[in-house]
Amino acid sequence: MSSAGAGWSRGDRVMAAGKLMLAWVALLWLLEVVDVLSGHALDGLGVTPRTPSELVDVVPSAFVHFGFAHLAANTVPLLVLGLLAALAGLRRFLLVCALIVLVDGLGVWLIAPAHTNTAGASGLIFGLFGFLLVSGFVERRPWGILAGILIAAIWGGSILSGLAPTQTGISWQGHLLGLLAGVAAAFVFRRRAASRALAS
């Protein structure tokens, strides 16, 4: 069965993906403005591990940040990686993001150090990196493989440094879980040969 966007041109796909990611990033900046104006009331939406009441913050934690510097560091990679991932279809992209955010948030809740508060879009960013890195290989798409190689060349160093447990103030657990969730999403939501033919 073809998706609603199966008949879209390449330009339509780029435009739709661009609008979605610009809106996503705009929402994050708006939330940070609200956070600052409210005396950082939204910081409480981060995840504190193994506290049952914190399970409701698993999803919201991916949308709040601890200051504008934190958000600025996440903005460009989220915008670029999100745009690239969304080009293959908005519905699949949103499912991929949902899986990454849920797995990452629940994983942080389970294994992050006690008495910490984890929030931010970096888990999703690491997940999108993992998804884009392997999806071309999983689906045997030459352009997808090339995109994965280029993404690894550009962001691979930053990704590896973000996985180092020695960094203070950085949730390497959230980064690692996001990366693994993104790789898993590439398999869970891989496009079959028939689907690729309909979308070409």
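Using a 4.5 Å cut-off on side-chain heavy atoms (C-beta onward), F66 and L71 make no contact. Between W172 and P165, some side-chain heavy-atom pair lies under the 4.5 Å cut-off. Side-chain contact between T118 and T48 is absent, with no heavy-atom pair separated by less than 4.5 Å. For the pair L42 and V34, the minimum side-chain heavy-atom distance is below 4.5 Å. At a threshold of 4.5 Å between non-hydrogen side-chain atoms, the residues H115 and P49 do not count as touching. In this structure, the side chains of E32 and V36 come closer than 4.5 Å at one or more pairs of heavy atoms. L132 is listed as a side-chain neighbour of L81, based on a closest heavy-atom distance under 4.5 Å.
Judged as a side chain to side chain contact (heavy atoms under 4.5 Å, CB included), and not counting sequence neighbours, the contacts of N74 are H65, H70, A121, S122, I125. For Q173, the side chain to side chain contact (heavy atoms under 4.5 Å, CB included) test picks out I111, P113, S171, with sequence neighbours left out. Under the ring pair (Phe, Tyr, Trp, His ring centres under 6.0 Å) criterion, F68 pairs with W29, sequence neighbours left out.
For the residue pair A85 and F93, the shortest heavy atom distance occurs at CB-CD1, 3.7 Å. In this structure, F126 and G162 approach most closely via the heavy-atom pair CZ-CA, 3.9 Å. Taking all atoms of both residues into account, the shortest heavy-atom contact from A17 to L87 is CB-CD2, 4.0 Å. For the pair A152 and L133, the tightest heavy-atom approach, listed with the atom from each and the gap, is CB-CD1, 3.6 Å. Shown here for V47 and S61, the closest heavy-atom pair between the two residues is CG2-OG, 3.6 Å. Across all their heavy atoms, A185 and V96 have their closest contact at CB-CG1, 4.0 Å.
The same ILVMFWY cluster, assembled from side-chain heavy atoms under 4.5 Å apart, contains both V14 and L78. Cluster membership check: L84 does not share its hydrophobic cluster with M15, using side-chain heavy-atom separations under 4.5 Å among Ile, Leu, Val, Met, Phe, Trp and Tyr. Linking ILVMFWY residues whenever their side-chain heavy atoms come closer than 4.5 Å, directly or via other members, places L37 and F63 in the same cluster. V183 and I149 fall into different hydrophobic clusters, where Ile, Leu, Val, Met, Phe, Trp and Tyr are joined by side-chain heavy atoms under 4.5 Å apart, directly or via other members. The hydrophobic cluster containing L146 does not contain V138, counting ILVMFWY residues as joined when their side-chain heavy atoms lie under 4.5 angstrom apart, directly or transitively.
Between atom CD1 of residue I159 and atom CD1 of residue I151 there is a gap of 10.0 Å, rounded to the nearest 0.5 Å. The distance from atom CG of L28 to atom CG of D35, rounded to the nearest 0.5 Å, is 12.0 Å. Interatomic distance, W155 CH2 to L150 CG, rounded to the nearest 0.5 Å: 10.5 Å. Here L31 contributes atom CG and L27 contributes atom CG; the two are 4.5 Å apart, rounded to the nearest 0.5 Å. R92 contributes atom CZ, which lies 6.0 Å from atom OG of S135 (distance to the nearest 0.5 angstrom). Atom OG1 of T168 is separated from atom CD1 of I170 by 7.5 Å, given to the nearest 0.5 angstrom.
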Residue pair W24, L124: steps toward the side-chain contact (heavy atoms from CB on, under 4.5 Å) verdict: CA-CA 12 Å; W24 194 312; L124 176 59; 3.6 Å; yes
Please lay out, stage by stage, how L95 and L99 fare under the test side-chain contact (heavy atoms from CB on, under 4.5 Å). CA-CA 6 Å; L95 289 171; L99 178 64; over 6 Å; no
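Checking side-chain atoms of D12 against main-chain N and O of S9 turns up a donor-acceptor pair under 3.5 Å. The backbone N or O of I145 sits nowhere less than 3.5 Å from a side-chain atom of R140 that would complete a donor-acceptor pair. The main-chain N or O of T51 is found under 3.5 Å from a side-chain atom of W109 such that the two form a donor-acceptor pair.
In this structure, E139 does not pair ionically with R190, as no charged nitrogen and carboxylate oxygen lie closer than 4.0 Å.
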